Amino acid sequence: VQVNNGLMKVTAGSLDVHPTEKALVVHYEVEASILGEGGGHMLGERKEGQKIIRVKSLSPSTDVGALAKKVVEECKLIPPSRLPQVEQLLYYLQNRKSSPKKEKRTVKPRELTPFEGLELNEEASITRVDEYVELLYEGIPEKIRGSALILQLARNPDNLEELLHNEAALGALARVLREDWKQSVELATIIIYIFFCFSSFSQFHGVVSHYKIGALCMSVVEHELKRHDVWCEELRKKNKSAPENGSLRRDQEKALRKYQGLLAKQEQLLRVSLYLLLNLAEDTRTELKMRNKNIVGLLVKVLDRDDEELLVLVVSFLKKLSIFLENKNDMAEVDTVERLARLVPCDHEDLLNLTLRLLLNLSFDSGLRAKMVEVGLLPKLTDLLGDENNRQVAMRILYHISIDDRFKGMFVYTDCIPQLMQMLFECGEEEIEAELISICINLAANKRNAQLICEGNGLKMLMKRALKMKDCLLMKMIRNISQHDGPTKALFIDYVGDLAAEIRAEEEEEWVLECLGTLANLTIPDLDWELVLKEYNLVPYLKDRLKPGSAEDDLILEVVIMIGTVSMDDACAAMLAKSGIIPALIELLNAQQEDDEFVCQIVYVFYQMVFHQATRDVIIKDTQAPAYLIDLMHDKNAEIRKVCDNTLDIIAEYDEEWGGKIQSEKFRFHNNQWLEMVESRQADESETYLYDNDNDRTDLFYSAGTHKTLDGACRKTLDDKDVFDQTSSSPGRPATAYGFRPDEQPFYQYS
């Protein structure tokens with residue numbers, strides 16, 4: 001087409017359906033050229049565009065073929081050769097299920113309500129934008145009217161592209177907002193809403209940032225929150241002066257109505273401002289700028305409001321921010337958990353769910369978990385276990401709380417454990433949810449919780465399901481229950497045979513580990529371990545697993561602990577000694593000498609065996625165990641030193657030769673320490689004398705009953721019957737590091 005002194009060429013491009021409406025989208029390219037005097041091509045420019053062809057009359061009964069022909073005839077951009085494609089696209093639109101426009105957020109600002117004194121009797125037109133812009137150069141009422149008409153256009157996404165290219169309109173709106181936002185809440189709300197419409201699409205964030213609308217919104221929010229503090233203070237003063245007559249009472253009611261009116265408009269402004277900021281926070285660099293301007297403090301302050309839609313938005317924003325450590329720390333400093341606690345529970349389903357998810361993010365911090373317990377969230381979260389929609393999130397928060405030993409015991413005072421047990425039993429033969437079994441495992445590590453779990457037929461039901469399904473995690477829970485002394489441990493007598501029967505080489509190592517660990521915890525007096533080992537032929541299995549590398553370290557360690565437990569039985573200890581277990585333990589000790597847990601438990605086995613006459617001679621005369629114990633008696637680990645000292649005391653009492661070696665080694669060690677102390681004191685020129693008085697001298701001589709270390713503490717020998725705080729009739733074992741090994745993380749399986 002020739003236009004004046006040039007040519008304009010329109011080329012049809014791709015053809016597609018509109019993503020949300022019943023419409024076709026035709027893409028085209030316009031190429032404009034300026035011709036010279038001789039008709040030659042001088043200057044050209046290309047511009048892409050699109051045309052939307054709405055087919056609102058399209059229905060299931062429409063003749064698609066006829067409609068396609070009509071579209072091709074009326075739209076010159078579509079050549080007749082594309083008729084089959086048009087027909088195919090219309091057929092797709094005819095059968096496409098209608099769906100609402102996709103929102104970028106789970107929450108959206110409420111529709112703007114008509115402002116007082118604002119009446120728009122006309123429908124805005126995109127062709128009259130310049131007229132509306134002229135109103136922005138007049139008074140506040142005209143500015144409100146002009147911006148409201150532009151807002152009508154901006155709320156239609158199809159108009160945003162054209163408004164984007166109208167720099168005069170956007171510049172005028174930004175200028176009015178910057179200059180007049182303090183003068184009119186209505187005007188500020190409308191203009192921010194216009195830019196919010198742009199911020200809903202990532203490709204338009206550049207224009208919002210260009211006019212610095214985000215920074216303006218931060219200033220608006222901060223200012224409005226300060227204004228609210230002033231209003232509240234004024235209202236408090238009026239309420240404080242108790243009205244004694246009708247006139248004062250009427251003034252007070254009038255002030256309250258005025259406050260409520262101002263509050264409604266202010267919350268509308270806060271809502272649209274914060275939503276715009278939330279959209280812009282998609283860019284982490286922009287979010288960092290907001291953080292530097294105390295966005296967290298402003299949001300947390302809004303949590304005191306009662307408007308549920310505003311709260312939904314604020315909690316969503318805080319939830320997004322909480323995934324970054326710096327923001328989480330900011331939330332910890334401004335009492336976020338205390339303010340969130342009042343929202344749990346609440347009638348607004350979305351608000352409750354978002355609040356719980358925010359608390360879940362915060363619960364990864366141990367200090368904030370403690371705060372949650374402090375403000376009384378534990379019973380509230382427990383009550384939500386019965387809410388199908390929020391059960392999973394509530395359970396995850398409870399799981400995080402259950403990690404901390406300080407709070408495990410507090411679950412006793414809630415209805416949590418009975419509910420968890422009910423959920424376990426309702427699983428039937430289905431796999432137990434990771435969140436459910438995780439929290440049960442943690443809670444079972446507390447003695448009082450374990451007693452509650454075992455009430456009634458609790459333990460019986462757990463054992464029945466675990467053995468039937470070979471559920472490793474459920475057996476881990478049972479293993480935790482079995483570690484507690486008291487009435488619960490006696491309940492396991494009925495299941496010793498069932499557990500022993502599972503300890504076979506054919507079974508999975510993880511399953512055997514849990515069953516073996518449970519058995520090893522059963523330090524029950526008068527339990528005939530010799531009969532158990534013989535009946536289920538466990539000695540060959542235990543001996544075979546003591547070989548370094550024969551299995552995972554956790555399983556080997558549990559075998560050692562099991563040997564220590566069964567060695568409490570005199571006959572059982574003798575049987576193990578005859579089977580060649582002790583050399584195997586020494587070999588394992590050499591291989592695992594850097595692992596304190598292994599060393600401690602192996603030494604404890606030696607301690608148990610020297611307790612019995614039948615095995616004492618084997619340990620002392622037939623093995624080099626005493627020599628290894630002497631090497632370990634000055635180990636850095638206090639628990640290992642404690643086990644070694646008590647074992648060597650027994651050996652020294654029953655064997656004079658080893659007793660002399662042990663005494664000599666103790667003297668040598670203490671003498672070296674004494675010499676080092678003397679040398680260090682001589683090096684200190686400020687001290688004239690080595691000792692100030694006789695009471696400071698270290699006693700390096702040993703009596704029959706006790707001996708002293710350099711720090712003056714008395715260590716008792718066997719005669720005092722205070723080894724590991726146990727009686728000679730029922731010796732116990734040192735506490736294991738089960739569940740607390742330094743190379744393992746707490747059990748945390750759900751994604």
Side-chain angles (χ1 to χ4, degrees), residues 496 500 503 516 519-520 522-548 550 555-593 598-633 640 643-659 661-662 718 723-724 726 728-734:
V496 170
I503 301 173
L516 190 63
L519 270 181
L522 303 184
T523 52
I524 303 173
D526 303 325
L527 182 59
D528 192 344
W529 282 112
E530 182 186 18
L531 179 62
V532 174
L533 296 186
K534 284 182 177 179
E535 183 174 349
Y536 295 97
N537 195 29
L538 294 182
V539 174
Y541 178 89
L542 297 177
K543 185 178 179 181
D544 185 61
R545 286 294 179 271
L546 286 178
K547 297 175 183 177
S550 61
L555 180 57
I556 298 175
L557 176 62
E558 213 56 53
V559 168
V560 175
I561 295 173
M562 178 69 179
I563 293 172
T565 299
V566 300
S567 295
M568 292 189 303
D569 184 278
D570 196 346
C572 191
M575 181 178 67
L576 290 174
K578 291 177 182 178
S579 70
I581 285 278
I582 296 175
L585 286 171
I586 293 176
E587 182 183 353
L588 181 63
L589 181 62
N590 284 327
Q592 298 285 357
Q593 56 185 316
F598 265 102
V599 173
C600 188
Q601 295 300 337
I602 292 172
V603 172
Y604 178 71
V605 174
F606 296 155
Y607 168 75
Q608 284 287 12
M609 290 191 168
V610 298
F611 234 98
H612 307 296
Q613 178 65 43
T615 53
R616 186 182 302 128
D617 291 340
V618 177
I619 290 284
I620 295 174
K621 298 178 180 178
D622 298 343
T623 73
Q624 289 298 311
Y628 282 96
L629 293 172
I630 289 175
D631 288 341
L632 292 169
M633 65 188 297
I640 293 175
V643 183
C644 282
D645 280 349
N646 288 283
T647 308
L648 290 171
D649 285 345
I650 299 174
I651 293 174
E653 185 174 344
Y654 286 95
D655 189 282
E656 291 185 2
E657 182 181 352
W658 278 113
K661 293 179 180 179
I662 294 167
L718 183 66
V723 182
F724 297 106
Q726 63 185 333
S728 59
S729 60
S730 179
R733 70 157 187 247

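Predicted, not measured: the structure shown is a model, and the values here were computed from it.
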State the [atom1]-[atom2] distance between [X] and [Y], to the nearest 0.5 angstrom.
{"X": "I563", "Y": "I602", "atom1": "CD1", "atom2": "CD1", "value": "9.0 Å"}
{"X": "I630", "Y": "Q624", "atom1": "CD1", "atom2": "CD", "value": "10.0 Å"}
{"X": "E657", "Y": "I620", "atom1": "CD", "atom2": "CD1", "value": "10.5 Å"}
{"X": "T623", "Y": "D617", "atom1": "OG1", "atom2": "CG", "value": "11.0 Å"}
{"X": "K543", "Y": "I581", "atom1": "NZ", "atom2": "CD1", "value": "7.0 Å"}
{"X": "T615", "Y": "L576", "atom1": "OG1", "atom2": "CG", "value": "9.5 Å"}

Sub-4.5 Å side-chain heavy-atom contact between [X] and [Y]:
{"X": "Y607", "Y": "L629", "result": "no"}
{"X": "Q592", "Y": "P548", "result": "no"}
{"X": "I503", "Y": "Y536", "result": "no"}
{"X": "Y541", "Y": "D544", "result": "no"}
{"X": "T565", "Y": "L522", "result": "no"}
{"X": "M609", "Y": "V618", "result": "no"}
{"X": "I586", "Y": "F606", "result": "yes"}

Exercise. Is it true that atom CG of D526 has more than 12 heavy atoms of other residues, nucleotides or ligands lying nearer than 6.0 Å?
Worked result: no
For this session: Start with the C-alpha distance between D569 and L527, add both sets of side-chain angles, then the distance that settles side chain to side chain contact (heavy atoms under 4.5 Å, CB included), and finish with yes or no.
Result: CA-CA 8 Å; D569 184 278; L527 182 59; over 6 Å; no
Problem set entry | Verdict with supporting geometry, T523 and M568, side chain to side chain contact (heavy atoms under 4.5 Å, CB included) | CA-CA 8 Å; T523 52; M568 292 189 303; 3.8 Å; yes
Considering all heavy atoms of both residues, which atom of [X] and which atom of [Y] are nearest to each other, and what is their separation?
{"X": "I556", "Y": "K547", "value": "CD1-O, 4.0 Å"}
{"X": "Q593", "Y": "V599", "value": "O-CG2, 3.7 Å"}
{"X": "L538", "Y": "A500", "value": "CD2-O, 3.9 Å"}
{"X": "C644", "Y": "L632", "value": "SG-CB, 3.5 Å"}
{"X": "M562", "Y": "L542", "value": "CG-CD2, 4.4 Å"}

Expected output: side-chain [X] to main-chain [Y] donor-acceptor under 3.5 Å:
{"X": "Q608", "Y": "V605", "answer": "no"}
{"X": "R616", "Y": "F611", "answer": "yes"}
{"X": "H612", "Y": "C572", "answer": "no"}

